[in-house]
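What follows is one structure encoded as structure tokens, with my remarks underneath.
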Amino acid sequence: VQLVESGGGSVQAGGSLRLSCAASGYTYRTYCMGWFRQAPGKQREAVANIDSDGSTTYTDSVKGRFTISKANAELTLYLQMNSLKPEDTAMYSCAIFKASCGSWYFGRTPDFGYWGQGTQVTVSS
């Protein structure tokens with residue numbers, strides 16, 4: 001399984017970015033797919049996920065600003081990020097897990113699943 005992210009970059013506060021994650025080689029019908037981020041000196045944080053049935057969940061700090069979506073046929077994941085803030089600056093990584101999404105996703109960073117290499121998002125004030 002391979003995941004490749006794209007779409008990161010540098011923007012000013014209030015701007016928008018759209019991240020993409022193309023997954024290949026994953027053949028199971030059930031999955032939880034989503035985004036994590038890690039800022040320098042901080043622990044990795046779960047941002048949002050989307051279940052194979054389309055259900056979505058967000059961490060509180062991005063609700064109303066970020067939207068996660070997917071294209072089923074290609075198993076491509078997106079993260080539309082609006083009203084970006086300097087505190088959103090981080091390396092964003094996508095991941096896919098052979099499980100239904102649940103509270104586990106926003107707990108300790110899962111030690112299973114498949115991960116991409118990440119794409120940097122930098123928001124300046």
Side-chain angles (χ1 to χ4, degrees):
V1 178
Q2 287 190 323
L3 293 93
V4 179
E5 302 97 336
S6 61
S10 297
V11 295
Q12 290 191 328
S16 299
L17 284 172
R18 188 190 195 211
L19 306 184
S20 299
C21 172
S24 60
Y26 187 89
T27 59
Y28 301 99
R29 290 187 177 182
T30 299
Y31 58 83
C32 178
M33 200 171 182
W35 294 93
F36 293 78
R37 66 186 180 185
Q38 187 168 20
K42 294 188 177 181
Q43 289 189 331
R44 183 176 284 174
E45 173 190 26
V47 176
N49 65 40
I50 186 164
D51 219 325
S52 47
D53 65 2
S55 302
T56 60
T57 311
Y58 301 87
T59 192
D60 286 346
S61 63
V62 307
K63 285 180 181 177
R65 301 188 298 122
F66 291 11
T67 303
I68 191 170
S69 61
K70 63 185 175 78
N72 287 333
E74 301 83 18
L75 201 54
T76 301
L77 185 70
Y78 303 100
L79 186 69
Q80 178 66 43
M81 305 185 295
N82 298 328
S83 302
L84 282 162
K85 303 175 181 180
E87 51 263 44
D88 294 318
T89 295
M91 180 70 74
Y92 284 71
S93 300
C94 66
I96 188 167
F97 306 93
K98 188 186 173 185
S100 297
C101 293
S103 58
W104 59 266
Y105 186 92
F106 291 94
R108 191 180 66 172
T109 299
D111 59 2
F112 65 103
Y114 303 93
W115 295 77
Q117 292 298 309
T119 185
Q120 178 68 35
V121 172
T122 302
V123 184
S124 59
S125 58

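Because the structure is predicted, anything quoted here is derived from the model rather than measured. Below, each value reflects all heavy atoms present in this structure, side chains not excepted, and no hydrogens, waters or symmetry copies.
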Scanning both residues in full, the closest heavy-atom pair of Val123 with Thr89 reads N-OG1, 2.8 Å
Pairwise distance NZ(Lys63) to OG1(Thr57) - rounded to 0.5 angstrom: 8.5 Å
Distance check, rounded to the nearest 0.5 Å: Ile68 atom CD1 versus Gln80 atom CD? 12.0 Å
Between the CD atom in Gln117 and the OG1 atom in Thr119, the distance rounded to the nearest 0.5 Å is 11.5 Å
Tyr92 vs Met81, side chain to side chain contact (heavy atoms under 4.5 Å, CB included): CA-CA, chis, key distance, verdict: CA-CA 12 Å; Tyr92 284 71; Met81 305 185 295; 3.9 Å; yes
Start with the C-alpha distance between Asp88 and Arg65, add both sets of side-chain angles, then the distance that settles side chain to side chain contact (heavy atoms under 4.5 Å, CB included), and finish with yes or no. CA-CA 11 Å; Asp88 294 318; Arg65 301 188 298 122; 2.7 Å; yes
Ile50 to Leu77 - nearest heavy-atom pair and separation: CG2-CD1, 3.5 Å
Would one find more than 12 heavy atoms of other residues, nucleotides or ligands at under 6.0 Å from atom CD of Gln2? no
Is Trp35 linked to Val1 within one hydrophobic cluster, defined over Ile, Leu, Val, Met, Phe, Trp and Tyr using a side-chain heavy-atom separation of less than 4.5 Å? yes
About how many Å separate CZ of Phe66 and OG1 of Thr56, when rounded to the nearest 0.5 Å? 14.0 Å
So does Tyr114 have more than 12 non-hydrogen atoms from other groups sitting under 6.0 Å from OH? no
Minimum heavy-atom separation for Cys32 to Ser100, with atom names? CB-C, 4.0 Å
Do Thr59 and Glu45 have side chains that approach each other closer than 4.5 Å (heavy atoms only, starting at C-beta)? yes
Output yes when a side-chain donor or acceptor of Glu5 lies under 3.5 Å from a complementary backbone atom of Cys94, and no otherwise. yes
Under 30°, 30 to 60°, or over 60°: which ring-plane class applies to Phe97 and Trp115, parallel, tilted or perpendicular? perpendicular
Going through the distances and angles, do Ile96 and Leu75 end up as a side chain to side chain contact (heavy atoms under 4.5 Å, CB included)? CA-CA 10 Å; Ile96 188 167; Leu75 201 54; 3.9 Å; yes
Considering non-hydrogen atoms only, spot the tightest contact between Gln38 and Arg44 and give its length. NE2-N, 3.8 Å
Leu3 and Ala23 have their tightest heavy-atom pair at CG-CB, 4.2 Å
In terms of hydrophobic clustering (I, L, V, M, F, W, Y; side-chain heavy atoms under 4.5 Å; direct or indirect links), are Met91 and Val121 co-clustered? no
So OG of Ser93 and CD of Gln120: to nearest 0.5 Å the spacing works out to 10.0 Å
Report yes if the side chains of Ser52 and Tyr28 come closer than 4.5 Å at any heavy-atom pair, otherwise no. no
Are the ring centres of Tyr105 and Phe36 closer than 6.0 Å? yes
What is the distance from atom CD of Gln12 to atom CG of Leu84, rounded to the nearest 0.5 Å? 11.5 Å
Return the minimal non-hydrogen interatomic distance between Val62 and Val47, and the atom names on each side. CG2-O, 3.9 Å
Looking at side-chain heavy atoms only, is the closest gap between Lys85 and Ser61 below 4.5 Å? no
Okay, side chain of Asp51, backbone of Cys101: is any donor-acceptor separation there less than 3.5 Å? yes
